[in-house]
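Heads up, the thing below is written out as structure tokens.
Lettering follows sequence order; numbering is per chain, from 1.
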Amino acid sequence: MVVDTRISAWDAMKFWRYLDGRGRLLACALLLLFLSLFEPSAQLPSRVYDWYFVVDITQSMNVRDAVTSGNGISRLAFAKQQMRQALRSLPCGSRVSLGLFTERSTANILHPLEVCAHFSALDETIVSIDWRMAWAADSYIANGVFSAIDQASRLGPEMRLAYFTDGHQAPEISSRYAPVFEGEQGKVKGVVFGLGSQSAGRIPLLDQNDNITGYWGADDVQRYATFGISEIQSVADMEQQQGYHGRNAPHGSAPKESANAHLSALDQDNLQKIAKDTGLTYLGLTGGEDIAPVVTSNEMSVWRTAVTDLRPWLALPAMWLILIFYIPISVRQLFQQHLFFRKKS
Amino acid sequence: MMQALSNLMVGQPWYLLWSLLAFFPLLMKNYPAFPYPSLARLPVDALSVWIERLWRLLGALAIVFIAMGLSGIYWAENIVERVGSGAHVMIVLDRSASMNDDFADPPAGERESKMAAARRVLQDFVSQGREDLLGMVTFSTSPILAAPLGGDREAVLAGLSATEAGGMGFTAVARGLGMALDYYKGRPVTGSRVVLLVSDGGAYLDAKTREMLRNMFQREGASLFWLYLRSANGASLKVAPAEGDEDAYPEYQLHRYFGTLGTPYRAYEADNPLAVERALADIGRLKNKPVRYYQTAPRRDLSWLFYLLALLSGCGVLALHLTEVKKWRSA
């Protein structure tokens, strides 16, 4: 065997000597390509992403005003589509966790899973997300984001939050009792994705097969934010207000009423405020943008050692060698001449 | 065919731009010119012309293939047929608020919520190296799919750990079971189907729901195993309540109803680790045909193929390069 290798090495040497310069370039390129067939890989630090995808499954997400390629689909369907695309765009070694939001908290349904090995489980779970999974029916969006941030920091140190919502708050909330973010601002990085159209749409009532059987009407929803004690302090004002009763009707019998509480639009202002308070980024997806560049942006990445494919490091030089091989003789001669003159002078 | 092609995915599409460089070998005039004016009078050699074209083409192909290799083309949903000999187990885990209450029989005298007990029990179950297919549905007021039925145990475990956040809402057993049974619908029966309900079972079912569930269980031919987590002041399933008192014990009623499903039903009280072992052993004893199932394997890398093709084209270029006349000699 030893003799054999020596002979083949000898042959290779002979072959090498026999080749002209261009042939040698090509032979080098072939050697590199040959080596890449062994799939060399190494544990190198590389950019990966840890995402906690949270999707709003309240009924306002059923409004079919999210536009993809000209078709209106429901905001929830659009969110799911975006999540699946994001899942496909993440490099191996990244991890994804899933959560659902309804009422006033986010429920984590899946702890972080590596995206390549568990791709099908993640993908199928995203597909199965449905508005019927909601366990309660209010939509206190700020509480949802705050609890998601809290969970994200517990799921992993570098967990990024991607929150898909239309920002619709229901029922109306009194600004005095609006929740305040108490965590550390900007500790959890992430993006709030705003879905839906900015002009208000009616919220559909769906039957078992997701056919629209009607719409929420103004009389079906709570239009007042009359929670809590009276804001009126002076006796004169109390007498002024119609039907005021300190305990039973602290806001009078005809409180300020919202005319379109039964409609839902993308509430950019609300989401922008929440994003600002919590240190997240707000991004509206009203034009059917693709989120893949956002979830794989450098800003959101984590450096972690992961198995890194070394083949591009071999194949790219091989390609350059082949290109040099094809450089016209005349150009090369010009080049050589130039060098030659330089040397002379 | 289109279906198959749609599974071809490109990792970094912009790398494909490198393939534009393939025009370089195609367009360049890149063979030595010999300073013999008389050569121009030689007749055109058709073979040489074709060899040259082939030589350029192979070079271009090598570059295109390298670009394709670099772009990381992969087979996205690579479905692999596997044969196992296990059951199809759909875990239906109660995540209602009542699961936060104390468990009646915690190990070694410590306090433990029913949820924690369920998680402990199921983690044991999932970590067993049996060949069963597992899936998991958690339910409270409504069912949520945590992990689809398949061989991915880590996904089930990830779903289990997610329940650490605690329970919420009511106990809608029927909807949870319904979602689990939906998972069997329309799939070939290649293994025994087991719905493993893990719940404290405080729920009433009305007559209509009972009838519907019974139909579903019979249609899908699934057996029901109930790992019953007894509340700290709850009743045992083994002891029938006194005459006239049945309404006070929803879990007992549920137990009685499950007995009438017409498909195999067993209840286990998770009061000690042995109950879980028994349940496992019973699942193992079920008559299983070899389970043939399809699993989505992680994406399969196809770059190697393109690097190989690039290598072959490169070898062709080298071989043709050797035929090139380097020096004009008089023959």
Side-chain angles (χ1 to χ4, degrees), chain A residues 18-20 22-23 26-27 29-30 33-34 36-37 39 88 91-92 97-100 103 105-114 116-125 127-130 132-136 151 309 311-312 314-316 318-319 322-323 325-332, chain B residues 9 11 15 18 21 24-25 28-33 56 59 62-63 66-67 69-70 72 76-77 95 138 140-148 150 152 154-162 164-165 168-170 295-299 301 303-304 307-308 310-311 314-315 317-318 321-322 326:
Chain A
Y18 170 74
L19 284 174
D20 59 340
R22 294 170 66 209
L26 196 59
L30 294 184
L33 284 175
F34 180 69
S36 75
L37 288 185
E39 311 207 350
R88 283 175 166 76
C92 287
S97 176
L98 295 175
L100 303 176
E103 203 202 9
S105 66
T106 297
N108 179 221
I109 59 167
L110 213 50
H111 262 213
L113 281 173
E114 200 275 329
C116 287
H118 305 285
F119 179 81
S120 71
L122 282 165
D123 195 52
E124 211 168 318
T125 306
V127 170
S128 78
I129 291 175
D130 189 270
R132 285 192 192 76
M133 290 178 171
W135 53 94
Q151 284 168 6
D309 188 7
R311 288 177 299 179
L314 299 171
L316 212 53
M319 187 164 77
I322 292 176
L323 282 172
F325 172 81
Y326 276 102
I327 285 178
I329 301 280
S330 50
V331 174
R332 199 175 311 148
Chain B
M9 302 280 284
Y15 272 95
W18 286 115
L21 289 174
F24 189 76
M28 288 299 155
K29 180 182 184 312
N30 39 20
Y31 38 83
R56 285 169 186 279
I63 286 166
I66 289 177
L70 286 174
E77 277 161 56
R95 212 187 162 174
T138 62
S140 54
T141 314
S142 54
I144 293 171
L145 175 72
D152 196 343
E154 267 184 70
V156 179
L157 286 174
L160 271 178
S161 340
E164 275 163 21
M168 66 268 175
F170 309 112
Q295 201 185 26
T296 344
R299 61 195 192 181
D301 173 56
S303 337
W304 66 271
Y307 289 133
L308 179 64
L311 178 63
C315 286
V317 174
L318 185 63
H321 175 69
L322 295 178
K326 307 284 181 327

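In this structure the side chain of B:Tyr307 never reaches within 4.5 angstrom of the side chain of A:Leu314, judged on heavy atoms. Two residues are said to be in side-chain contact when any heavy atoms from C-beta on lie closer than 4.5 Å; A:Leu33 and B:Ile66 meet this criterion.
For chain B, the nearby part of A:Leu113 is the side chain; its heavy atoms alone come within less than 4.5 Å. Both the backbone and the side chain of A:Leu323 come within less than 4.5 Å of a heavy atom in chain B. Contact annotation for A:Ala121: both backbone and side-chain heavy atoms come within less than 4.5 Å of a heavy atom of chain B. Contacts between B:Leu70 and chain A at a heavy-atom distance below 4.5 Å involve the side chain alone, from C-beta outward. Heavy-atom distances place the side chain of A:Leu19, and not its backbone, under 4.5 Å from chain B.
Note on B:Ala147, B:Gly69, B:Ser303: by heavy-atom pairs under 4.5 Å with chain A, the leading option is B:Ser303.
No donor-acceptor pair under 3.5 Å is formed between the side chain of A:Glu103 and the backbone N or O of A:Ser105. Remark: side-chain polar atoms of A:Arg311 are not paired, donor with acceptor, to backbone N or O of A:Glu39 under 3.5 angstrom. A donor-acceptor pair under 3.5 Å links the side-chain atoms of A:Gln151 to the main chain of A:Thr106, judged by distance alone.
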